[in-house]
Amino acid sequence: MAKVNIKNIRSRYTLRGFMLGLVIFLFTVFLSNSIFDHVNQQPTFYNLYSFFPGLWVITFLPFITALAGYLIAGNFAVFIRKQRKHIKQEASKSEKVLEFVDNLRKDNFESDLNLNDRKDKLAQSLLRLRDYLIKSKKDEEQRRIEEEQRTWVTQGLAHFGELLRKENDNIEDLSYNIIRYLVDYMKINQAGFYLLNNINSTNKYFELTACVAYDRKKFADKRIDWEDGLIGRCALEKETIHLTDVPDNYLNITSGLGDANPRSILIVPLKTNDEIYGVIEMASFKDFAEFEIEFVEKIAESIALTISSVQNTIRTTKLLKETQNQAERMLQQEEELRQNLEEMQATQEESDRREVEMKGILEAIDHAAISSEFEVDGTLINVNQNFLRTFRYNPEEIEGQNIKIFFFKDDAEGLDQILTDLRNGHNFKGRVRRRTKMGDEIYLLTTYTPVIDHEGEIIKILSLENDITEQVTMEEELKRSKDELGIMLEEAKKEVTEQFKEVEAVKIRNEKTLEGALDAIITTNKEGILEFFNAAAEKLWGYDRSEVLGQHVAMLFSESTVANDEFISAFVSNDKTKIIGERREAPIKNKVGSEEPVLFLLSEAEYGDDHSYTAFIQQVEVELF
């Protein structure tokens, strides 16, 4: 049909050109005839063409104009054909653009625009729009994935926090529940919980307290020394280890279908305040994502805090129990020492009585003095009967003898010193060991006095002596008894002093330990009067310890709690039986009057007829990250 239209156009324009040329020819001929009227010539074709030679051109003008119309119509037809082709191309382009836009609307970003002219601005804009939508969709998908990951992490932390609040009394149960939770929540294949045992600081090691694989609990007796293997390296460096190239002999995951190496290993340290409490090791057939690693690291810190709290509670309870037992032993030993002291005091009184008797005996002995006179060199001049009787000599046997014969050889040096002092005019008074004729040893209470003449010369030495051998023997026995008693008494005093010091040191150490505990700790006597209130308790209630010590414990709870809560009612009452050793949740009332739920654990200490009760209080909220 397009061709028919073009032929009609050519015919129409050719005819119009011919008619235009014909009109011009006729108009020219008409004008030429008018000219002939003025020149008085006959208007014939011959004269006309002779007079106007250019008329021959006018004669062919209809054909010329018809040809021009034909040519103009051809050019116009070509222009129309080009326009129609262009319109078709634009229509096809519009259809492709509409199809491309519809695919974009349907999120079909794989389709192409398929335009021949890639430099077309519309095509470039649409392609840029497709790229932008692809990028937007990827960004949206990434945001959705990140949001899902954040939700997954948040929910996991919340569930995990609830688990840590409920299971924090037994380390082994806590470690198994932690590992079981991780295996289930992260959909991994195997995990192990290694707890650091640092009781002996020179021999620290990790022990496998819980292991879960393919939903089965495994009790594996496994010990890893400090700094040994990847577990030790993780603890030493305090950094997470993520292995994706697992050695064949490192670890096998076993099921009913066989065993195989895991694809990925994740080892995370349990640390808080830069202190290691253990290590978690996880194995899976899939790689651990970055958000999963961050999740495990966050809960690892919460686990470390919980383990620290549990260990502190266990350690505090153990110290309190040891203190109570030691205090009871101290009371028993104190009673035994008191009885021993009473017995020793009675013995001391008996010794004093005997000493008084001995003094009376010595006074009686003084009346029977042994007298003698001798030269300054010790030569005897005169002796009395008591002297002869005491030393068992006859008078002729000692005549002209030196007093040295009455001394033992061991005492000769001491006698020389005494004689020297006497020659210098000094008196001597003291107890002296002597020797009888038979060689027996006797003791005399001796007074040597120089006798001086009017010229100041010493003419002789006067000796007055009393036999105190029996007294000395009794004194030595008494002294030995007193020394023994004194040693026993001193040892008993030292033992009592050391025991009291030890008790006081234990008391101070335990008070400092309880004072620095993370949990709030309060102690009351059997009347309910507060006797201990540590720093954590001050922070929890908002009271200073000076405000509560000496007050009744009921001030720390509201009246409704005391009336309705079984545990608190028994705790503050003097008539009800306390609930000992059971962890209970109950509200407290702080200084500003608001109530806050906490976890209570009450213990009892008994000292004879006296009782005291210690409460360990832990806040219900657990800070996860």
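Just so you know, these numbers use all the heavy atoms, side chains as well, and skip hydrogens, waters and symmetry mates.
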Problem set entry | side chain to side chain donor-acceptor pair (under 3.5 Å) assessment of E297 paired with T240 | CA-CA 8 Å; E297 289 176 342; T240 299; 2.7 Å; yes
For this session: Please step through ring-ring contact (aromatic ring centres under 6.0 Å, His included) for the pair F206 and F193, ending with a clear verdict.
Result: CA-CA 9 Å; F206 294 93; F193 191 102; over 10 Å; no
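- Every side chain to side chain donor-acceptor pair (under 3.5 Å) that S175 has, sequence neighbours left out, goes to T209.
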Exercise. Under the salt bridge (charged side-chain N to carboxylate O under 4.0 Å, His left out) criterion, do R435 and D440 qualify, and how do the steps go?
Worked result: CA-CA 6 Å; R435 179 179 180 273; D440 297 329; over 6 Å; no
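- Using cut-offs of 30° and 60° for the angle between ring planes, the F557 and F600 rings count as tilted.
- For the residue pair K576 and S569, a side-chain donor N or O sits within less than 3.5 Å of a side-chain acceptor on the partner.
- At a cut-off of 3.5 Å, with distance as the only test, no side-chain donor of E207 or Y194 sits close to an acceptor on the other residue.
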Please set out all donor-acceptor pairs under 3.5 angstrom arising from side-chain atoms of residues 543-555, sequence neighbours excluded.
| unit_1 | atom_1 | unit_2 | atom_2 | d |
| --- | --- | --- | --- | --- |
| D544 | OD2 | S546 | N | 3.0 |
| D544 | OD2 | S546 | OG | 2.6 |
| R545 | NE | E538 | OE2 | 2.9 |
| R545 | NH1 | E515 | OE1 | 3.3 |
| R545 | NH2 | E515 | OE1 | 3.3 |
| R545 | NH2 | E515 | OE2 | 2.6 |
| E547 | OE1 | D544 | N | 2.8 |
| E547 | OE1 | K591 | NZ | 3.4 |
| E547 | OE2 | K591 | NZ | 3.2 |
| H552 | ND1 | A554 | N | 3.1 |
| H552 | NE2 | E527 | O | 3.4 |

For this session: Check the pair N197, Y205 against side chain to side chain donor-acceptor pair (under 3.5 Å), reporting the backbone distance first and the verdict last.
Result: CA-CA 6 Å; N197 188 325; Y205 63 90; 3.0 Å; yes
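- Under a 4.0 Å N-O distance rule, the pair E465/R434 qualifies as a salt bridge.
- Between L602 and T614 there is no side-chain heavy-atom pair separated by less than 4.5 Å.
- The side chain to side chain donor-acceptor pair (under 3.5 Å) test applied to N394 returns no partner, not counting sequence neighbours.
- Every pair passing salt bridge (Lys or Arg N to Asp or Glu O under 4.0 Å) that includes a residue from residues 393-402 is listed here, sequence neighbours excluded: E397-K437.
- Screening residues 415-428 for salt bridge (Lys or Arg N to Asp or Glu O under 4.0 Å) gives K404-D416 as the qualifying pairs, with residues at least two apart or on separate chains.
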Exercise. Stepwise, does the salt bridge (charged side-chain N to carboxylate O under 4.0 Å, His left out) test hold for E275 with K271?
Worked result: CA-CA 5 Å; E275 184 175 355; K271 67 175 181 178; over 6 Å; no
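- Under the 30°/60° scheme for interplanar angles, the aromatic rings of F387 and F406 are found to stand perpendicular.
- Residues passing the side chain to side chain donor-acceptor pair (under 3.5 Å) test with D565: none are found, sequence neighbours excluded.
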